[in-house]
Amino acid sequence: MVLQRSSMSRVAFLPGQIVLILHFKNIKNPNTHPISQPSSMTELETLRHSCAHILANAILALWPEAQFAAGPPTSNGFYYDVDLPHRITPDDFELLEKEMEKITQAAQPFECEVISRDRALEMGLSGELAGLGARSMPSHFKLDIIKRIPPDAPITLYRNGAFTDLCAGPHVADTSKVGAFRLTHVASAYYQGDEKNPQLQRIYGTAFATKQALEDYFNMLEEAKKRDHRKLGKELELFTFDEDVGPGLPLWLPRGTVLIEELEKLAKETEFQAGYERVKTPHIAREQLYKTSGHLPYYAESMFPPMELHEDGGKEKNIYYLKAMNCPHHHKLFAAIPRSYRDLPIRFAEYGTCYRYEQSGELMGLMRVRAMQMNDAHIYCTEEQFAEEFRAVNAMYLKYFHIFGITRYQMRFSTHDPGKLGQKFVDDAQLWIKTENMVRDVLVSSGIDFVEIPNEAAFYGPKIDVQVWSAIGREFTLATNQVDFAVPSRFGLAYTTSENKKETPLCIHRAPLGTHERFIGFLIEHFAGAFPTWLAPEQVRVLPISDKMTSYAQTIVRELRALGIRSCADLSSEKVGAKIRVAQLLKIPYMIIVGAREESSGEISVRSRQNGDEGSVPKENFYHRLKKEIEQRSAC
RNA sequence: GCCGACGUAGCACAGUGGUAGUGCAGCUGAUUCGUAAUCAGCAGGUCAGGGGUUCGAAUCCCCUCGUCGGCUCCA
């Protein structure tokens, strides 16, 4: 299973809700417009785009030599890419915002003018495009952009005050109509997103129709930061990173390990019921395995550098790689024993640990790491069995999403491009069409919303990625499900048919729980650290009123543990209020408070994380309720 | 990987050239308490690491490591 690197898009934040705006290549998208067509921006986008012009205008007022590239609205605001010797830092924002204020207060009308291509080129050469008038240097990025405008498309200018920009528009009526704005950060970006091109400074800002909406947005960002898994991971003692261990290599503390083991328990139960068999494979393999699979050499740069071993007194060199995926190992397990059509489907499952050398700048908490434990399985089946197997896999995804209450996700169905058969995609047009139709049918008949993206399939077959969004709005692939009709034949995998012939099986790679790292990172944010009882690292904390109650508290802990319930007693000499506070901050689902009253009556006083004081109950009643809640994996 | 910012006690932070600080957590003691913080004392640091400038560096400069924000959205 190869989890593809996901694009990191952003979501748009609106007060009180989170609205998704997706950016997919080749997909109709309300936010992107083909260059030749008149733009159809939303009101908010228009406002933000106008803000970008005002930003450029302000930058020019301070640094007239600035050269501008693109300045579009984004999901959360706007930016303008600028080439400028002066390094703009957040310290410059105040000054820039003041300049921008001057422009908005002047209420300069935005005027549109259609010009000829020659006139546009002329203006570009004289530096007037994205400028405050003629300059000694040409507007070279704008000239490049003009070259890329289709010959039949009109070329338009937008002006406000002295500022003129090559722009398709639209814009607000005048510069006073841009609502409330703020510059947010500065980053670098390559011109046209290509690392061969010069690096520009990208100044980001955001704008809303009203000051209140702007404030709401920033408040919401603050709230989102509180559920950032990196922050909660530290506070709740779930995982850590260490410089000596290495970047992107998480260390799981005991509380985080509980999460891992509960997820594995769930996966193992679910997969057992669905007819999977568990396998175990080593973390390394010889170079030859990845030559056979086809991962070498093209995938080599995403793998850790190989280990070279000189065995036989140094005569022979053996090269080993840390595995970046489990599929080749699983294929070898399939190949280990002669297989009959009667044996299929064969479903091999393993929580396999994989290592990928992700670029240092791409690492991000648990969401993108270099060592990951994957909820992997490979299903080998006949073509006839494929639809049913795929349907079952899909049902498993939905079952998991139901358990975790994951409702905000998107299924992304990536298909092939017939024009690229034999290059980007395995050359078997019939099989592509057939499998894609089967996948599509399953999705449609299951009533699942999905987007279809041509040209994004894996080399060996179509795939479905489940996209979700982190607390701070980054999009990533949580889980993936891929059809493979190419690699099994590279491995010479075969089964004997009822006619005693050899046939290559299809393979479904699937990882509905993705990797532990990313899935738990996601769950931490999804639950804001308040895990449902079945997942909670510590399920119950027993709080004795005073140390006279120590032994009764310990009795209760023993009883809970005998029932398999994770619990501890807080025997510190704090007052009960302080103990409650600590337990609440650790987001422990239940507290049991015991004093003399409870000891004599055999009752316990229950306090839940969610509802506070729930009063006294006979302890067996509570144990029973808790056990049921855990067994059922209730949402809360 | 590239660009930028940042790195001070376990955590959150203050300290911009002149003796390294605060709060929480920790430890010790006292307190024995009924639903979100009891009190007191103590300890804790090669200021990420290395090099340089300076009479003197957490502070200025260079290198390395790490973390964070970006690197798709094209007039």
- When all nucleic acid strands are considered with a 4.0 Å heavy-atom cut-off, which category describes Glu574(A): base, sugar-phosphate, or nothing? base
- May I ask which nucleotide in the shown strands pairs with G26(B), Watson-Crick or G-U wobble, both distances under 3.5 Å? C42(B)
- Query: Do Tyr590(A) and Phe622(A) have ring centroids that are under 6.0 Å from one another?
  - Reply: yes
- Query: What is the base-pairing partner of G34(B), counting Watson-Crick and G-U wobble geometry with both distances under 3.5 Å?
  - Reply: none
- Item | 5'-most by nearest nucleotide on RNA chain B - Ala596(A) or Ser360(A) | Ser360(A)
- Just compare G69(B), U32(B), C3(B) and give me whichever is closest to any side-chain atom of Lys548(A). U32(B)
- Message: Using the side-chain heavy atoms of Ala187(A), tell me which of these nucleotides is nearest: G1(B), A36(B), G69(B).
- Response: G69(B)
- Quick one: which of U31(B), G1(B), G70(B) gets closest to the side chain of Gln359(A)? G1(B)
- Task: With heavy atoms under 4.0 Å as the rule, sort Lys575(A) into base, sugar-phosphate or nothing.
- Result: base
- Scan every strand shown for a Watson-Crick or G-U wobble partner of A14(B), both distances under 3.5 Å, and answer none if you come up empty. none
- Note on the structure: RNA chain B nearest-nucleotide lookup for Glu598(A) and Gly248(A): closer to the 5′ end is Glu598(A)
- Can you find a side chain N or O atom of Arg202(A) that sits less than 4.0 Å from OP1 or OP2 on G4(B)? no
- Message: Can you say whether a donor on the side chain of Glu237(A) sits under 3.5 Å from an acceptor on the base of G10(B), or the other way round?
- Response: no
- Item | Lys NZ or Arg CZ of Arg202(A) over Tyr79(A) ring: under 6.0 Å, within 45° | yes
- Could you tell me whether the side chain of Ser188(A) has a donor or acceptor atom within less than 3.5 Å of a complementary atom in the base of G4(B)? no
- Query: Looking at the side chain of Tyr204(A), which of C11(B), C71(B), U67(B) is the nearest nucleotide?
  - Reply: C71(B)
- Please confirm whether Arg182(A) makes a cation-pi placement over Phe218(A), using NZ or CZ under 6.0 Å from the six-membered ring centre and within 45° of the ring normal. yes
- Query: Using purine N1 to pyrimidine N3 plus N6-O4 or O6-N4 for Watson-Crick, or N1-O2 and O6-N3 for G-U wobble, both under 3.5 Å, which nucleotide pairs with G69(B)?
  - Reply: C3(B)
- Message: Please determine whether a side-chain nitrogen or oxygen atom of Arg230(A) lies at a distance below 4.0 Å from atom OP1 or OP2 of G69(B).
- Response: yes
- Query: Taking atom C1' of G34(B) as reference, at what distance in whole Å does atom CD1 of Ile545(A) sit?
  - Reply: 4 Å
- Whom does U59(B) pair with, Watson-Crick or G-U wobble, provided both distances fall under 3.5 Å? none
- Nucleotide nearest Ala578(A) when distance is taken to its side chain, options U32(B), U38(B), A36(B): U38(B)
- Item | Touch class at under 4.0 angstrom, heavy-atom based, for Leu200(A) against every strand present | nothing
- Counting just side-chain N and O atoms, does Tyr590(A) come under 4.0 Å of either OP1 or OP2 of U35(B)? no
- Task: Please confirm whether Arg609(A) makes a cation-pi placement over Phe531(A), using NZ or CZ under 6.0 Å from the six-membered ring centre and within 45° of the ring normal.
- Result: no
- Task: Using a 4.0 Å heavy-atom cut-off across all strands, classify Gly595(A) as base, sugar-phosphate, or nothing.
- Result: base
- Near-ring test Tyr321(A)/Phe304(A), centroid separation under 6.0 angstrom: no
- Ring centres under 6.0 angstrom apart (Phe141(A), Phe68(A)): no
- Checking all strands, does Gly365(A) fall into the base, sugar-phosphate, or nothing category for heavy-atom contacts under 4.0 angstrom? sugar-phosphate
- Query: Quick one: the side chain of Arg148(A) and the base of C74(B), do they pair up donor-acceptor inside 3.5 Å?
  - Reply: yes
